[in-house]
Amino acid sequence: MDHRFPDRRAVLAAGGMLLLGGPMGDRAWAAPVFADHPFALGVAAGDPWPDGFVIWTRLAPRPLEPHGGMPALAVVVRWEVAEDPRFARIVRSGEALARPELAHSVHVEVSGLRPRRPYWYRFRIPGGEVSFAGTARTAPGAAETPARLRLASAGCQHFQAGHYTAWRHLSREGDLDAIFHYGDYIYEGGAVAEPPTIEDAAGRPLDRRHIGGETYSLDDYRLRYAQYKTDPDLQAAHAAAAFITSFDDHEVDNNWASDFDQDGTPPAVFHLRRAAALQAWYEHMPVRRAQFPVGGGARMFRRLDYGRMLRMHVLDTRTYRSDQLCERPGQANCRGEDGPQATMLGPVQEAWLGEGLKSGARWNLIAQQVFVMPANRRFADGRFQPGGGDTWNGYPAARRRLVQAISAANLRNVVIATGDAHIHAVGVVPLRDDEPDGPAAATEFLATSISSGGDGAPETEGTRAMLAGSPNIRLVNAQRGYQLFDVAADEWRTDVKVVDTIQRPGGALTTLARFAVSPERPGLDRR
């Protein structure tokens, strides 16, 4: 059986039950035997530290059926980490319990590894099935300044919009320290009535519509993640490098903010949906116990250090923000005006970020979800459209505080990685909103979507209008793709990658542009 691209056949419930002693004293399936591969959703690693990383899988032999085709029993899963891809030198191993309460997902925080080197990992059912292998790199040691780091930034992967061709290309980049997934891992809506024309390798129509309606319950979200994770290109990307994952809006509901959705649902009711969504997010992401959902939420914001070279601040711009500005009279769940207390991060996260920026790292990477830099549009007919209210443009007081925190730390080495907008956009965050072409506080690289928005185009009316209305922005492109960050002590280089089509498999990848940033001043040099 080819376990790289498993199909979905029946699971054979075989074996009895046993009571495991010690830390695994749960009612467990004693001798599970599967008629199909239980690792159909692949493997993943995440959040590298100098001594290890998280490894993840989920048992789901029938991923698109209730409970993934698994019984309501815990299953013992063995894991192995090796110094070579053939697993001749296994350096860490152990057992974990895949619990039905967490959709039979497994999160192992591997430690005791050496810094700044690749490792290979896999899972197995004792006496039975083995997963394919993934690879991940540990971070440099705290005192190290590596000669080079390679990171990628990607996200927004609407399953119904097209092939995940960009993930396949990204899986072949090689030698990546990590991939930042900025969010919109899933989309919450039901099946679209008129999906775009998507073809398979033989040129035949391919149905990539969502299974089921809009997601509300925990089972709904679990099924949606399972459908997305069956994609072989996404599985290949996860197996190729560690992911550093955040969430944006579509993991819960479009444009949600703190206690509010966009439909005027009472907050107490929306909390039920948000709790289900964030539990499913945790169950399917390679994140640490610190991100375990508690009280209906999950503390997603965190930081990762890559020696003295780079500190990465992963932000949560959804959970703690003030509600969005009202866009029309009578709109529910919105704030009528922007005041000085309006926040994107909340006071605790703002203070945490301000302190973390003082680390002395050569580079500070703020990894977050939505446009920070002003992004306005001026159309050919003279119409002016200010930046959207769902971004930092709708929270100008919060953006001023962010700029003040960067300035107070006397930093000129801040790079911001962003997503959400389904375009590539490269520019700077100005020190003053009313001087967009004046001095800058930070450089921002907004990565386009993996698939959301369909094929797109190199240039559209909207991209032309953004360039005309935003003198702080140097490049806008509406194709699909991702970005690569090549980081050295004296230069940050970003490659903007685009794919020519996702409606058919095999789209070609090209480098649209290359930009360089100096740690001595924010701004862009085109290479």
Side-chain angles (χ1 to χ4, degrees), residues 1-15 17 26-44 46 54-79 95-108 122-126 128-132 134 157 159 185-188 190-191 208-213 215-232 234-235 238-239 245 251 275-287 292-293:
M1 182 185 299
D2 186 348
H3 290 163
R4 292 174 299 168
F5 307 108
D7 57 10
R8 297 179 294 276
R9 295 175 299 191
V11 62
L12 175 63
M17 295 175 288
D26 295 74
R27 187 164 169 262
W29 199 4
V33 178
F34 303 91
D36 195 14
H37 193 45
F39 300 104
L41 300 182
V43 301
V54 181
I55 57 174
W56 170 95
T57 194
R58 177 191 165 194
L59 303 183
R62 287 187 288 177
L64 303 185
E65 296 189 8
H67 314 296
M70 292 291 294
L73 297 169
V75 177
V76 175
V77 179
R78 184 165 180 80
W79 56 271
E95 291 183 342
L97 207 58
R99 301 175 183 273
E101 297 91 338
L102 293 173
H104 291 97
S105 63
V106 175
H107 298 74
V108 178
R122 66 186 179 189
F123 298 89
R124 65 171 67 241
I125 303 298
E129 301 272 6
V130 182
S131 74
F132 61 79
Q157 53 194 51
F159 192 83
Y185 196 99
I186 62 165
Y187 281 72
E188 79 284 9
R208 283 179 69 93
R209 286 176 294 178
H210 284 161
I211 297 172
T215 53
Y216 289 96
S217 70
L218 179 56
D219 285 342
D220 292 341
Y221 284 105
R222 284 171 170 172
L223 176 60
R224 189 60 48 82
Y225 276 101
Q227 185 178 15
Y228 277 53
K229 280 183 166 289
T230 57
D231 187 276
L234 177 58
Q235 290 191 14
H238 272 297
T245 57
E251 283 87 352
L278 295 182
Q279 177 174 336
W281 175 82
Y282 172 82
E283 289 173 347
H284 292 86
M285 295 297 109
V287 292
F292 188 89

Distance-minimising heavy-atom pair for L41 and T230: CD2-CG2, 3.9 Å
Are D231 and R208 side-chain neighbours, meaning at least one heavy-atom pair lies under 4.5 Å? yes
When you measure from the side chain of R62 to the backbone N and O of G68, does any donor-acceptor pair fall under 3.5 Å? no
Spacing of CD belonging to E188 relative to CG belonging to D220, to within rounding of 0.5 Å: 11.5 Å
Checking S105 side chain against T57 main chain: does a donor-acceptor pair fall under 3.5 Å? no
Kindly indicate whether the side chain of Y221, heavy atoms from C-beta on, has any atom under 4.5 Å from the side chain of Y216. no
Among R99, H107, H104, R222, which one satisfies side-chain hydrogen bond (donor to acceptor under 3.5 Å, both in side chains) with E283? R222
Hey, does the side chain of Q279 reach the backbone of L102 with a donor-acceptor pair shorter than 3.5 angstrom? no
Euclidean distance, I186 CD1 relative to L223 CG, rounded to 0.5 Å: 10.0 Å
Just by distance, do the side chain of E251 and the backbone of A277 share a donor-acceptor pair under 3.5 Å? no
List the steps, then state whether side chain to side chain contact (heavy atoms under 4.5 Å, CB included) holds for V77 with E95. CA-CA 6 Å; V77 179; E95 291 183 342; over 6 Å; no
Give the minimum heavy-atom separation between H238 and V43, together with the two atoms involved. CB-O, 3.4 Å
Do Q227 and L64 touch side chain to side chain, with heavy atoms closer than 4.5 Å? yes
Are H284 and Y228 close enough that their ring centres sit under 6.0 Å apart? no
Mind listing the closest non-hydrogen atom pair of V75 and M70 along with its distance? CG2-CE, 3.7 Å
Closest heavy-atom contact between R122 and V130? CD-CG1, 4.1 Å
Shortest non-hydrogen contact from L59 to A98? CD1-CB, 3.9 Å
How far does CG of L97 sit from CG of L73, to the nearest 0.5 angstrom? 10.5 Å
I'd like to know whether I125 forms a side chain to side chain contact (heavy atoms under 4.5 Å, CB included) with F39, so could you lay out the CA-CA distance, the side-chain angles of the two residues, the decisive distance to 0.1 Å, and finally the verdict. CA-CA 10 Å; I125 303 298; F39 300 104; 4.1 Å; yes
Might you work through the ring pair (Phe, Tyr, Trp, His ring centres under 6.0 Å) test for F123 and W56, ending with a clear yes or no? CA-CA 9 Å; F123 298 89; W56 170 95; 8.2 Å; no
Keeping the roles fixed (side chain from E129, backbone from H37), state whether a donor-acceptor pair exists under 3.5 Å. no
4.5 Å side-chain heavy-atom contact, Q235 and F132: yes
Considering all heavy atoms, the nearest P126-V76 contact: CD-O, 3.3 Å
Nearest 0.5 Å please: distance from the OH atom of Y185 over to the OG1 atom of T245. 8.5 Å
Evaluate the ring pair (Phe, Tyr, Trp, His ring centres under 6.0 Å) criterion for residues F292 and Y282: first the C-alpha distance (whole Å), next the side-chain angles of each, then the deciding distance (0.1 Å), finally the verdict. CA-CA 6 Å; F292 188 89; Y282 172 82; 5.1 Å; yes
